Peer 1: 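Have a look at the structure that comes next, please.
Nothing here was measured: the structure is a model prediction, and the numbers come from that model.
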There are 2 protein chains.
Amino acid sequence: MTSSRATLIQVAERAGVSLASTSRALHGSGASEAMVERVRAAAAELGYSPDVTGRSLRLRKTFQIAFAVADIGNPVYVEMMTAIHEVLAPHGYRVVVMTTGDTPASTTELVRSLGSGFVDGMVLSPLRTDDGLVRAIKQAPVPVVVIGRSLGDQGIDSVSTDSAGGIGQAVRHLLETGRRRIGFLNGPPDTTPGEARRRGFDAAASDPGFAAERVEVALAEDFTVAAGVAAAHRLLAGAPDGGARLDAVVAANDLLAIGAIRAARELGLSVPEDVAVTGMDDTELGRVFQPSLTSVSLGSDERGHAAARIMLRLVDGDAGEPQTTSVGPRLVVRESTVPRPARASAPGEGVR
Amino acid sequence: MTSSRATLIQVAERAGVSLASTSRALHGSGASEAMVERVRAAAAELGYSPDVTGRSLRLRKTFQIAFAVADIGNPVYVEMMTAIHEVLAPHGYRVVVMTTGDTPASTTELVRSLGSGFVDGMVLSPLRTDDGLVRAIKQAPVPVVVIGRSLGDQGIDSVSTDSAGGIGQAVRHLLETGRRRIGFLNGPPDTTPGEARRRGFDAAASDPGFAAERVEVALAEDFTVAAGVAAAHRLLAGAPDGGARLDAVVAANDLLAIGAIRAARELGLSVPEDVAVTGMDDTELGRVFQPSLTSVSLGSDERGHAAARIMLRLVDGDAGEPQTTSVGPRLVVRESTVPRPARASAPGEGVR
DNA sequence: TAGTTTCCCGGAAACGTTTCCAGGAGATGT
DNA sequence: ACATCTCCTGGAAACGTTTCCGGGAAACTA
């Protein structure tokens with residue numbers, strides 16, 4: 001917190017050369033060996049470090065990428081952010097975290113604010129989308145890569161995953177392991193993830209091979225453990241018509257799944273013996289939980305990586321057609337669905 | 001991704017007034033009512049939004065604050081980041097996430113890079129510290145607030161917590177609930193948190209009222225669940241001299257604690273009946289775990305809030321003496337230490 | 001040796017904004 | 001009616017950097 005910093009002009013004076021040469025010697029090309037040495041020495045003496053705001057203004061480039069989600073505390077988004085940072089940092093880009101708010105309108109406002117030019121691009125994972133948001137993204141003054149929905153046909157670069165298909169994988173797994181009375185624990189259906197999960201479950205349930213005898217659905221107020229506990233209680237409290245109790249719960253989310261396990265325990269049911277539970281997202285939380293959680297991985301880190309790589313391509317001016325890249329869902333079977341755990345691996349397996 | 005954006009000059013031309021007046025009309029004071037209206041209209045027609053890089057250059061202010069830690073995926077740091085963002089965003093500051101690397105040297109390098117002026121300040125939580133880092137922080141060209149160690153006497157603004165005292169609270173709690181053979185599961189002792197925990201345990205163990213009959217220590221390779229499992233196995237495998245097995249484990253961290261619970265289960269021990277386990281940090285993970293984890297809260301969000309508020313004060317030029325503010329540790333008793341859970345509250349208690 | 005190319009260097013402009021400064025117009029006071 | 005003051009406006013400079021452009025010297029070719 002000391003003396004004001006040295007500027008390029010001062011370095012130039014110190015080295016006794018022009019400003020232009022100084023700049024060239026430090027960054028660009030076209031400087032003689034002697035010049036480079038001389039300027040370097042002067043810069044070192046003065047402890048010069050280039051000012052990025054001046055640089056940004058001239059270059060029209062900030063070397064910053066925004067990452068915007070509704071809830072930066074959500075483990076899934078944390079994983080994405082980490083992945084994005086991993087890819088971007090080595091290329092000299094900084095990551096700015098932002099929150100979208102819950103509504104399409106607030107998200108749209110955020111996208112519009114990109115006009116201020118504080119970042120070179122934005123990786124966005126909107127919780128809810130509408131036409132206005134899509135329009136805003138298309139008109140954004142900097143590249144926007146969307147994680148969550150395939151908007152390639154809309155002319156928007158996006159990284160998607162087949163979470164609907166993932167729900168299908170979970171359902172099939174439960175049927176294959178003998179479950180017949182299946183509850184579907186979803187979050188708010190007006191969100192992008194909620195809508196996709198619902199679609200996935202409906203598709204699975206209308207499959208010819210769908211052998212379930214009983215199906216019930218409950219909606220949690222949001223994608224949290226607490227909401228999951230409450231909704232799962234309704235699901236597991238007992239069949240309203242006196243039918244047999246559910247023996248499996250497909251949760252839209254690891255947090256909801258853990259809520260379901262908790263509710264089951266509170267009702268005196270054991271997991272997986274009495275009721276099997278599947279989650280989605282394959283979070284650390286689910287991996288270390290006891291019983292460890294069977295979950296559909298949606299490759300949060302892969303998606304983050306992919307989005308970041310697309311972003312790098314875009315900010316380097318390599319435009320090309322907007323495209324949707326997709327990472328496949330992958331069921332990871334753990335203790336919460338199979339009575340004799342398939343834990344053939346070493347202690348602490350799946351734990352980082 | 002369309003036409004290049006409108007500049008203030010274009011707004012001025014459109015409004016038919018000078019550049020200076022345009023700027024004043026939009027931000028500053030000293031513009032007539034008519035002028036403001038006229039300029040506003042022109043700006044609206046052109047869809048003008050001010051360019052922050054130009055603004056930053058002139059104002060010598062970026063409205064950005066860096067948040068730097070070793071591992072941005074760590075739940076504790078995520079909580080801090082969220083808290084910091086909550087405080088700063090309403091004041092118009094953006095948060096830039098950065099990683100310090102594992103060593104004091106890499107952290108020092110990061111602090112030095114602040115000379116480039118891409119942020120107005122940095123909230124830093126270094127994993128390891130040395131004299132060079134302390135010097136670099138003191139000489140940093142922008143305010144730095146350190147979370148983790150009290151460096152107020154070194155002339156550095158910092159937010160600390162008494163994690164050593166927190167370990168003491170955990171130990172006392174275990175003694176009070178009848179435990180007598182206590183294991184201490186620490187992380188790398190050369191880290192700031194590791195060192196503080198060790199100090200705390202040593203202090204507790206040398207207290208006159210320390211009634212334990214047996215004490216053992218194990219060091220995990222890092223602060224992760226996997227490392228915790230491995231180290232806890234050593235701790236719980238049985239006393240080398242054939243003495244009675246430990247009946248309590250004080251872990252330096254929630255992740256290590258969960259590792260310990262897992263190891264206990266693998267050894268056929270039940271928690272908390274056979275062995276009680278305490279964690280530290282009071283993370284979401286520990287709250288939803290089964291058994292829910294008795295943990296010492298170090299107020300990650302409080303610390304984040306405090307650091308952000310100090311930062312706001314600093315960037316607003318209100319210097320004052322560097323100070324250390326401290327938030328107290330707070331033991332939260334849950335199922336992992338008391339056989340008959342004190343869960344008097346509603347289902348899903350402590351779960352967000 | 002003269003002409004041509006290559007290589008470096010310095011001057012100056014530009015990126016978009018805020019603010020200092022001077023001046024003009026109108027209002028107020030005597 | 002004149003001086004003084006207040007209020008508003010426009011010109012111009014400044015923040016720190018990169019890069020275009022022109023020119024001079026050196027190196028090459030014929």
Peer 1: Where the side chain of A:Arg58 is defined as all heavy atoms beyond and including C-beta, which of C:dG11, C:dC15, D:dG10 is the nearest nucleotide?
Peer 2: C:dC15
Peer 1: With nearest nucleotides of DNA chain D determined for A:Val52 and B:Arg24 from heavy-atom distances, which residue corresponds to the more 5′ nucleotide?
Peer 2: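 Its nearest nucleotide lies further toward 5', so the answer is B:Arg24.
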Peer 1: Between the base of C:dG16 and the side chain of A:Arg60, is there a donor and acceptor pair under 3.5 angstrom?
Peer 2: no
Peer 1: Are any non-hydrogen side-chain atoms of A:Asn74 and A:Val69 less than 4.5 angstrom apart?
Peer 2: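 A side-chain contact under 4.5 Å is absent here.
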Peer 1: Not counting sequence neighbours, list each pair that qualifies as a ring-ring contact (aromatic ring centres under 6.0 Å, His included) and has a residue in residues 304-327 of chain A.
Peer 2: none
Peer 1: Would you please say whether a donor-acceptor pair under 3.5 Å links the side chains of B:Thr62 and B:Ser56?
Peer 2: no
Peer 1: When we call it a touch if two heavy atoms are under 4.0 Å apart, what does A:Ser23 touch: a base, just sugar-phosphate, or nothing?
Peer 2: base
Peer 1: Would you indicate what A:Leu59 reaches in the nucleic acid, counting non-hydrogen atoms under 4.0 angstrom: base, sugar-phosphate, or nothing?
Peer 2: sugar-phosphate
Peer 1: Quick one: is C:dC9 close enough that its OP1 or OP2 comes under 4.0 Å of any side-chain N or O from A:Ser21?
Peer 2: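 So the side-chain polar atoms of A:Ser21 never come under 4.0 Å of the phosphate oxygens OP1 or OP2 of C:dC9.
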Peer 1: Going by distance alone, is a donor N or O of one side chain under 3.5 Å from an acceptor N or O of the other, for A:Ser116 and A:Ser113?
Peer 2: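 Side-chain D/A pair, A:Ser116 to A:Ser113: absent.
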Peer 1: With heavy atoms under 4.0 Å as the rule, sort A:Leu8 into base, sugar-phosphate or nothing.
Peer 2: base
Peer 1: Start at the 5' end of DNA chain D and walk down; is the nucleotide closest to B:Ala34 or to B:Leu57 reached first?
Peer 2: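 Its nearest nucleotide lies further toward 5', so the answer is B:Ala34.
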Peer 1: Reckon A:Thr7 has a side-chain N or O less than 4.0 Å from the OP1 or OP2 of D:dT17?
Peer 2: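 Yes, within the criterion.
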Peer 1: Between C:dT18, C:dG10, D:dT17, which nucleotide has the shortest distance from any of its atoms to the side chain of A:Val17?
Peer 2: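 Output: C:dG10.
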